[in-house]
Number of protein chains: 2
Amino acid sequence: MVTTRDRIIVATNELFRRYGYNGTSLSQISEAAEATTGSIYHFFPGGKEALGVAVIDTTGAVYRELFESIAAEHPDPVDAFENFFDSAADVLEESDFVDPCPIGTIAREVANTSEPLRRAAERAFSSWIASAENYLINSDIDPDAADDLATMFVATVEGGFVLSRTLRCTDPLRAIALHVVAAVSAAPRTTHATLAE
Amino acid sequence: MVTTRDRIIVATNELFRRYGYNGTSLSQISEAAEATTGSIYHFFPGGKEALGVAVIDTTGAVYRELFESIAAEHPDPVDAFENFFDSAADVLEESDFVDPCPIGTIAREVANTSEPLRRAAERAFSSWIASAENYLINSDIDPDAADDLATMFVATVEGGFVLSRTLRCTDPLRAIALHVVAAVSAAPRTTHATLAE
DNA sequence: GTCTATAATTTGATAGAC
DNA sequence: GTCTATCAAATTATAGAC
């Protein structure tokens, strides 16, 4: 069942992807969500800022789960990261280069003006890094290397989105994918004790 | 001689770094630049958008020149990239995590609403990639590898800024630097014909 | 080139009926 | 929970004197 609250969050997410946080007005949200400002303030008494936090938390979890579902289908991390970047490039192109995710944009807009929003973005980024790190360790990448690798992965996703979206071309995203994959390939593996020892 | 036009551009750049494009008002700019709105419109008849384009073009050139001056001092690309990321991390920390550069933020805010601003950001990114590629080729990196490497460099800078600024910690930037440096080290070199042949 | 004054619109947010 | 009406403040931009 789609509640009014859900409709507001989904519509706001779509608007933030296109216009960012400061570029989206409550009247736009009201219209797109088919909910009056009274309704918006009923569900989000904290106003636009509280709504923004809810959008970031929701979208952050969706993207973490997307990564984890791709990871679950690809035991080899090289395959998983290749697949993730390929999918991201396809989605970007099909959407006519609308940002796939509003979190990075909002993070940059409000990092110096809203602690609640900044901390929501921090939660999202940290959860992605932790998820990627966990997957890498379970795929026998050395734990000491996994953290840096996961951090670099999230950074390149963010950087790739900005470049590809601004240049309106998926080449940057695909060039970056090659290097992330190379870094994963080159990473030291966990050495397991064998039965023969 | 510092002209009024210069003052407006510098002040706007500082405000955009902190609050983004949509988060900065003309009244803030007027106050920070010590110039009335009449003056702002005198120098930028196209209003806020035209001023934004001027800011992006100016800052884009400044950062390209910064990279080129670091490159000129370090013949070995590994040293150059290491130095660049180290400096960036230091600057970010010293400024209490204010964005060092407004271009990526503006690019994400307006990519779907202002073609003049989007194209200005595209010019800046492309000039950085071209500059890094040119330097890599002159440092005997294989030209086929140099383009992808330069693209990845710019993407990781952008991604590293978002992560480190949002997490208020330079670790991401430093983790990323390690991987960029590793990618440069692993890149194929140009094989030169020698006199002995 | 710089100034003040102001137009026209939109912003985020609230009050109170139903 | 949803609605309409409305507030005060801020927004970009312009006009015209100096």
Side-chain angles (χ1 to χ4, degrees), chain A residues 1-56 102 105-106 109-118 120, chain B residues 1-56 102 105-106 109-118 120:
Chain A
M1 177 206 166
V2 179
T3 65
T4 302
R5 190 176 188 278
D6 291 340
R7 260 187 2 258
I8 293 170
I9 290 197
V10 169
T12 305
N13 187 56
E14 293 295 305
L15 289 165
F16 282 176
R17 285 174 51 199
R18 284 172 177 75
Y19 314 119
Y21 179 80
N22 289 316
T24 300
S25 70
L26 284 180
S27 57
Q28 279 178 288
I29 294 170
S30 170
E31 190 187 348
E34 295 183 272
T36 61
T37 56
S39 277
I40 296 174
Y41 277 88
H42 171 73
F43 289 107
F44 304 95
K48 192 182 177 184
E49 187 178 53
L51 172 54
V53 169
V55 166
I56 292 177
T105 310
I106 302 177
E109 286 183 88
V110 303
N112 291 281
T113 52
S114 165
E115 267 297 284
L117 285 168
R118 198 217 104 227
Chain B
M1 177 206 167
V2 180
T3 64
T4 302
R5 189 177 189 278
D6 291 340
R7 263 194 353 263
I8 294 170
I9 291 197
V10 169
T12 305
N13 187 56
E14 293 295 306
L15 290 165
F16 283 175
R17 284 173 52 198
R18 284 173 178 72
Y19 313 118
Y21 179 80
N22 290 315
T24 300
S25 69
L26 284 179
S27 57
Q28 280 178 287
I29 294 170
S30 169
E31 190 186 348
E34 295 183 273
T36 61
T37 56
S39 278
I40 297 173
Y41 277 88
H42 171 74
F43 290 107
F44 303 97
K48 191 182 177 184
E49 187 179 52
L51 171 55
V53 169
V55 166
I56 293 176
T105 310
I106 302 177
E109 287 183 86
V110 304
N112 291 281
T113 50
S114 166
E115 268 298 283
L117 285 168
R118 198 217 102 227

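As the structure is a prediction and not an experimental result, all values here were calculated from the model. Chain letters run A, B, ... following the sequence lines, proteins first, then strands; residues in each count from 1.
- For the atom pair OH of B/Tyr21 and CD1 of B/Ile56, the computed distance is 9.0 Å after rounding to the nearest 0.5 Å.
- Residue B/Ser39 places at least one side-chain N or O closer than 4.0 Å to OP1 or OP2 of C/dT2.
- A/Arg7 has its CZ atom 7 Å from the P atom of D/dT2, to the nearest Å.
- With distances taken from any side-chain atom of A/Thr36 to the nucleotides D/dC3, D/dA5, D/dG1, the minimum falls on D/dC3.
- Within the structure, every side-chain polar atom (N or O) of B/Thr37 is placed at least 4.0 Å from both OP1 and OP2 of D/dT12.
- Remark: B/Thr4 is not in phosphate contact with C/dG1, judged by side-chain N or O atoms under 4.0 Å from OP1 or OP2.
- When B/Leu117, B/Thr12, B/Leu15 are each tested for a side chain to side chain contact (heavy atoms under 4.5 Å, CB included) with B/Val55, only one passes: B/Thr12.
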Quiz item: Can you check side chain to side chain contact (heavy atoms under 4.5 Å, CB included) on A/Thr113 and B/Tyr19, steps first, answer last?
Solution: CA-CA 7 Å; A/Thr113 52; B/Tyr19 313 118; 3.3 Å; yes

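- The distance between atom OH of B/Tyr41 and atom P of D/dT12, rounded to the nearest whole Å, is 7 Å.
- Here C/dT14 presents its P atom at 15 Å from NZ of A/Lys48, a figure rounded to the nearest Å.
- A/Ser27 comes within 4.0 angstrom of the backbone, heavy atoms only, and of no base.
- Within 4.0 Å (heavy atoms only), B/Thr3 reaches no atom of the nucleic acid at all.
- Along DNA chain C, the nucleotide nearest A/Thr24 and the nucleotide nearest B/Ala35 are compared for position; the residue whose nucleotide lies closer to the 5' end is B/Ala35.
- Residue contacts shown for B/Ser30 are absent, as no nucleic acid heavy atom lies under 4.0 Å away.
- The main-chain N or O of B/Asn22 is found under 3.5 Å from a side-chain atom of B/Glu109 such that the two form a donor-acceptor pair.
- Within the nucleic acid shown, A/Gly47 comes within 4.0 Å of sugar-phosphate atoms alone, with no base atom in reach, counting heavy atoms only.
- Across the protein-nucleic acid pair, A/Leu26 atom CG and D/dA9 atom P stand 18 Å apart, rounded to whole Å.
- In this model, the phosphate group of C/dT10 is not approached by any side-chain N or O of A/Ser25 to a distance below 4.0 Å at OP1 or OP2.
- Whole-Å rounding puts the A/Asn22 CG to C/dT10 C1' distance at 14 Å.
- Going from atom CD of A/Glu34 over to atom C1' of D/dT2 covers 14 Å, rounded to whole Å.
- Between B/Ile29 atom CD1 and D/dT11 atom C1' there is a gap of 12 Å when expressed in whole angstrom units.
- Rounded to whole Å, the distance from CZ on B/Phe44 to P on D/dT14 is 15 Å.
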Quiz item: Does the pair A/Ile29 and A/Leu26 meet the rule for a side chain to side chain contact (heavy atoms under 4.5 Å, CB included), with working shown?
Solution: CA-CA 5 Å; A/Ile29 294 170; A/Leu26 284 180; 4.1 Å; yes

